[in-house]
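All ligand and atom numbering here is 1-based and tracks the order in the structure.
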Amino acid sequence: RAYLVGAQPQADMAALNTALLALVASLQPGAEEVARQQVAFEAVRRVLSQGWPQAQVHLFGSTANGLSICNNNDIDICLELPDGSDSLSSKGEVVEQMAKLVEEAGMKDVLPLPKARVPVVKFVVGETGTKVDVTVNNILAIVNTKLLRDYGAIDQRLLQLCFVVKHWAKRRQVNDSYRGTLSSYCYVLMCIHLLQQRAPPILPCLHALKPSTHRRTVGVWQCDYHDEVSSLEDFGAQNTETLAELVWAFFEYWAWKHDYNNSVISVRTASFLTKAQKEWTRRVGNERHLVCIEDPFELTHDLGRTVDRQTSGVLHKEFERAACILRDCADPLEKLFEPY
Ligand code: ATP
Ligand code: MG
């Protein structure tokens with residue numbers, strides 16, 4: 001498993017690219033599935049609007065940022081209340097009230113989790129079988145969903161790479177932040193960061209581009225960035241790397257090039273920060289900072305903090321496995337995505 005400086009994949013990269021693009025196409029949800037999610041969202045919106053006529057109901061997560069993989073039956077919804085319900089306890093109360101309301105409206109398997117770090121009510125929309133998570137005033141998630149969607153509109157290679165990486169992470173069972181691996185959100189940020197680092201870059205740094213056309217303050221966090229992405233569609237045109245080359249670059253980086261001891265990847269600055277700069281050098285409680293990914297808005301939030309000693313070993317091994325398969329196999333795809 002040793003790293004060979006400058007090693008290149010065995011496979012015919014043009015053929016590998018064609019196969020990866022076909023895989024991406026097959027992972028895209030069909031029109032029927034998209035319509036079903038929309039029906040489920042409208043059903044939930046109707047119920048919540050009866051309980052809170054002043055509130056807004058938002059869809060966020062992968063169904064809203066264009067990164068949903070087919071057969072994903074989950075949707076993320078946020079109830080945005082006008083004001084005054086920002087404390088954790090009142091969010092918990094709203095979650096309890098929502099649970100009652102959706103139960104009365106005939107939703108199945110209703111499970112309120114009012115004491116969770118992010119209070120949530122989970123249930124299933126009977127007509128469509130869609131699993132729903134509803135959170136309250138989860139405004140940062142709405143904003144970071146938009147940021148991901150905006151980056152995705154700049155260069156289609158980002159969406160393609162995210163599909164491949166998410167599919168790989170689900171197959172290899174390293175896509176579960178509750179079990180110490182990384183969330184889909186985290187993998188997408190890793191992909192954005194990689195494309196910001198290519199030479200020439202494929203993606204810009206939307207936080208750094210002026211003027212900041214998206215302006216919003218959420219609690220103590222200023223969430224400003226440049227969101228006029230339609231004028232950036234040619235940004236990555238100077239870079240002609242293919243999806244296959246970027247998939248290789250992703251796994252090579254996380255297998256052998258990332259400095260796990262010192263480095264923090266930061267999409268906000270399109271650069272690397274140090275753990276010392278972020279004061280992420282010591283374990284505090286359960287936060288170990290073994291794999292460090294800065295949230296682009298909530299700057300004290302290390303998205304890799306759920307990773308512990310054991311799961312960081314698992315992750316690192318999986319990155320190495322993927323990189324070795326890409327390097328050594330003439331026809332790597334089946335093995336790369338082999339279920340764990
Ligand atoms: P999947 O298709 O696997 O469900 P997803 O894009 O919906 O992927 P999730 O990890 O399910 O991603 O998260 C849903 C949304 O919740 C993200 O798009 C993001 O807005 C928000 N989110 C998730 N984890 C975090 C986190 N640790 N910090 C901030 N926001 C988060
Ligand atoms: Mg989701």
Identity and separation of the nearest protein heavy atom to [atom]:
atom: atom 11 (O) of ligand 1; value: Asp76 OD2, 4.2 Å
atom: atom 16 (O) of ligand 1; value: Phe60 CE1, 3.5 Å
atom: atom 25 (C) of ligand 1; value: Tyr185 CD2, 3.6 Å
atom: atom 18 (O) of ligand 1; value: Gly61 CA, 3.3 Å
atom: atom 19 (C) of ligand 1; value: Asn144 OD1, 3.1 Å
atom: atom 9 (P) of ligand 1; value: Ser184 CB, 4.3 Å

*Check each heavy atom of Glu298 against ligand 1 and say whether those closer than 4.0 Å belong to the side chain, the backbone, both or neither.*
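Under 4.0 Å from ligand 1, Glu298 contributes no heavy atoms.
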
*asked:* Strictly less than 4.0 Å: does any protein heavy-atom distance to atom 27 (N) of ligand 1 fall in that range?
replied: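 Yes, because at least one protein heavy atom sits under 4.0 Å from atom 27 (N) of ligand 1.
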
*With a 4.0 Å cut-off on heavy atoms, does Leu303 reach ligand 1?*
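Yes; Leu303 lies near enough to ligand 1 that a heavy-atom distance drops under 4.0 Å.
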
[Y] versus [X], side-chain donor and acceptor atoms under 3.5 Å:
X: Asn175; Y: Lys170; answer: yes
X: His207; Y: Tyr225; answer: no
X: Thr145; Y: Asn65; answer: no

*With respect to atom 5 (P) of ligand 1, which of Ser183, Ser62, Ala64, Pro296 exhibits the smallest heavy-atom separation?*
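The option holding the nearest heavy atom is Ser62.
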
_Close-contact set for ligand 1 against Lys170 heavy atoms, below 4.0 Å_ =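 Near Lys170, meaning under 4.0 Å from one of its heavy atoms, ligand 1 has 1 (P), 3 (O).
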
*Would you mind listing which atoms of ligand 1 come within a distance below 4.0 Å of any non-hydrogen atom of Thr145?*
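It comes down to these atoms of ligand 1: 18 (O), 20 (O).
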
*Examine Tyr151 together with His193 and report whether their ring centres are nearer than 6.0 Å.*
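Distance test on ring centres: not under 6.0 Å, no.
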
*Return yes if some donor-acceptor pair links the side-chain N/O of Ser68 with the main-chain N/O of Ala64 below 3.5 Å, else return no.*
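No, because the side chain of Ser68 does not come within donor-acceptor range (under 3.5 Å) of the backbone of Ala64.
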
*Classify the ring geometry between Phe250 and Trp254 as parallel (under 30°), tilted (30 to 60°) or perpendicular (over 60°).*
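Because their plane-to-plane angle lies in the 30° to 60° range, the rings of Phe250 and Trp254 count as tilted.
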
*Describe, in one word, how the ring planes of Trp168 and Phe319 are oriented to each other, choosing from parallel (under 30°), tilted (30 to 60°) and perpendicular (over 60°).*
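The arrangement is parallel - the two ring planes meet at less than 30°.
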
*With the Mg ion (ligand 2) as the reference point, give the N/O/S atom of Asp76 that is nearest.*
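Looking only at N, O and S atoms of Asp76, the one nearest the Mg ion (ligand 2) is named OD2.
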
_Leu67 and Ser184, any side-chain heavy atoms less than 4.5 Å apart_ =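 When only atoms from C-beta onward are counted, Leu67 and Ser184 do not touch, as no gap falls below 4.5 Å.
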
*Joint hydrophobic cluster, Ile192 plus Val264, side-chain heavy atoms closer than 4.5 Å*: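 Ile192 and Val264: separate clusters.
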
*At what distance, to the nearest 0.5 angstrom, does CD of Glu104 lie from CD of Gln50?*
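Reported value, rounded in 0.5 Å steps: 10.5 Å.
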
*asked:* Would Ala141 count as being in polar contact with ligand 1, using the rule that some N or O on each side must be under 3.5 angstrom apart?
replied: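 Between Ala141 and ligand 1 (N or O atoms, distance only) the closest approach is under 3.5 Å.
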
*When only distance counts, is Lys166 in polar contact with ligand 1, meaning an N/O pair under 3.5 Å?*
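Yes - when backbone and side-chain N and O of Lys166 are compared with those of ligand 1, one distance drops under 3.5 Å.
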
